[in-house]
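One structure below.
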Amino acid sequence: KHLPREFETHIDGRLWDSQRVRIIDGCVLPSLPAKNHALTLMANAARIADEVNGAELILGASGFIGTHLVCELDSSGHEVIARCRSGLVAGFTGNCRAWELGNSIEIPPDVPIDCAIHLAHDFGGVAGAKLTIEGTMRSVMELRRCGVVRQIFFSSYSARPNAPSV
């Protein structure tokens, strides 16, 4: 939407009242298909990431969405910094390190990060949901202190029928 109303987003995912916060998960779509919509969400994330200049930091980079997003951004010429539990992203040979949700991200000081895309979550029931919330907030604050002004939080976890609500 070009002139979104309250609680709506612009076409580039920006919230109605923000120049910096972008929402790119399924909640911005007017309707969702009955089938898995992960590829649509990944395409939307890649489209929005194309608008930014500098390195993209992907947290939770080794999951289904993260792996595809990292490889797509990398093949499109973006500088990608990946962080994930294993420290490995299939098909990606660039800057990738092991990282656990809630721990320090260890951002390279010599690489300006234009955008951080946060995909990480913990599947451990209610305790995992709480870790996801607390770890995400720690990451948001650390990234702010490092001068990263564009942060995208992306979660399809809550779409699971057994996802706990906190």
Side-chain angles (χ1 to χ4, degrees), residues 6-9 13-18 20-49 55-74 80-92 94-108 113 115-146 148-166:
E6 189 175 30
F7 302 111
E8 293 182 337
T9 62
R14 285 180 296 121
L15 289 175
W16 80 98
D17 66 344
S18 175
R20 297 203 229 158
V21 178
R22 294 175 192 245
I23 308 295
I24 61 169
D25 69 359
C27 71
V28 301
L29 301 176
S31 64
L32 293 174
K35 298 189 183 217
N36 190 328
H37 53 279
L39 293 176
T40 302
L41 298 176
M42 287 187 292
N44 191 43
R47 179 186 62 81
I48 290 174
E56 272 76 59
L57 170 66
I58 312 295
L59 301 174
S62 64
F64 179 77
I65 294 172
T67 297
H68 287 83
L69 184 59
V70 165
C71 291
E72 174 63 27
L73 290 170
D74 185 49
V80 178
I81 299 169
R83 298 293 181 261
C84 57
R85 287 184 191 119
S86 66
L88 300 170
V89 175
F92 178 65
N95 183 342
C96 186
R97 292 195 179 143
W99 171 77
E100 292 281 336
L101 183 61
N103 291 345
S104 177
I105 301 168
E106 298 182 26
I107 300 169
I113 308 262
C115 180
I117 301 175
H118 193 297
L119 304 167
H121 58 271
D122 188 292
F123 289 107
V126 172
K130 289 181 181 179
L131 174 60
T132 296
I133 293 167
E134 293 166 5
T136 298
M137 293 311 299
R138 269 190 229 120
S139 296
V140 166
M141 299 311 291
E142 180 180 356
L143 292 165
R144 279 185 186 163
R145 283 191 302 275
C146 292
V148 180
V149 296
R150 292 186 199 195
Q151 297 187 45
I152 299 170
F153 175 76
F154 181 99
S155 174
S156 60
Y157 176 65
S158 62
R160 293 174 51 160
N162 62 343
S165 181
V166 177

Give the minimum heavy-atom separation between Ile58 and Val80, together with the two atoms involved. CG1-CG1, 4.1 Å
His68 side chain vs Gly66 backbone, donor-acceptor pair below 3.5 Å: no
So SG of Cys84 and CD of Glu100: to nearest 0.5 Å the spacing works out to 10.0 Å
Kindly say whether Leu143 contributes a backbone atom to a donor-acceptor pair with the side chain of Gln151 at under 3.5 angstrom? no
Measuring from atom OG1 of Thr67 to atom CG of Leu88, what distance do you get when rounded to the nearest 0.5 angstrom? 10.5 Å
State, to 0.1 Å, how close Gly60 and Trp99 come at their nearest heavy-atom pair, and which atoms those are. N-CZ3, 4.1 Å
Using only atom types and a distance under 3.5 Å, with no angle test, would you say the side chain of Ser62 pairs donor to acceptor with the backbone of Val89? no
Below 4.5 Å, heavy atoms only, C-beta onward: do Arg83 and Leu101 meet side chain to side chain? no
Where is the tightest heavy-atom contact between Ser104 and Glu142, given as atom of each residue plus distance? OG-OE2, 3.0 Å
What distance separates Leu57 CG from Ile117 CD1, expressed to the nearest 0.5 Å? 9.0 Å
Looking at side-chain heavy atoms only, is the closest gap between Ile113 and Ile107 below 4.5 Å? yes
At what distance, to the nearest 0.5 angstrom, does CG of Leu131 lie from CG of Asp122? 5.0 Å
On the 0 to 90° scale, with breaks at 30° and 60°, tag the His118-Phe153 ring pair as parallel, tilted or perpendicular. tilted
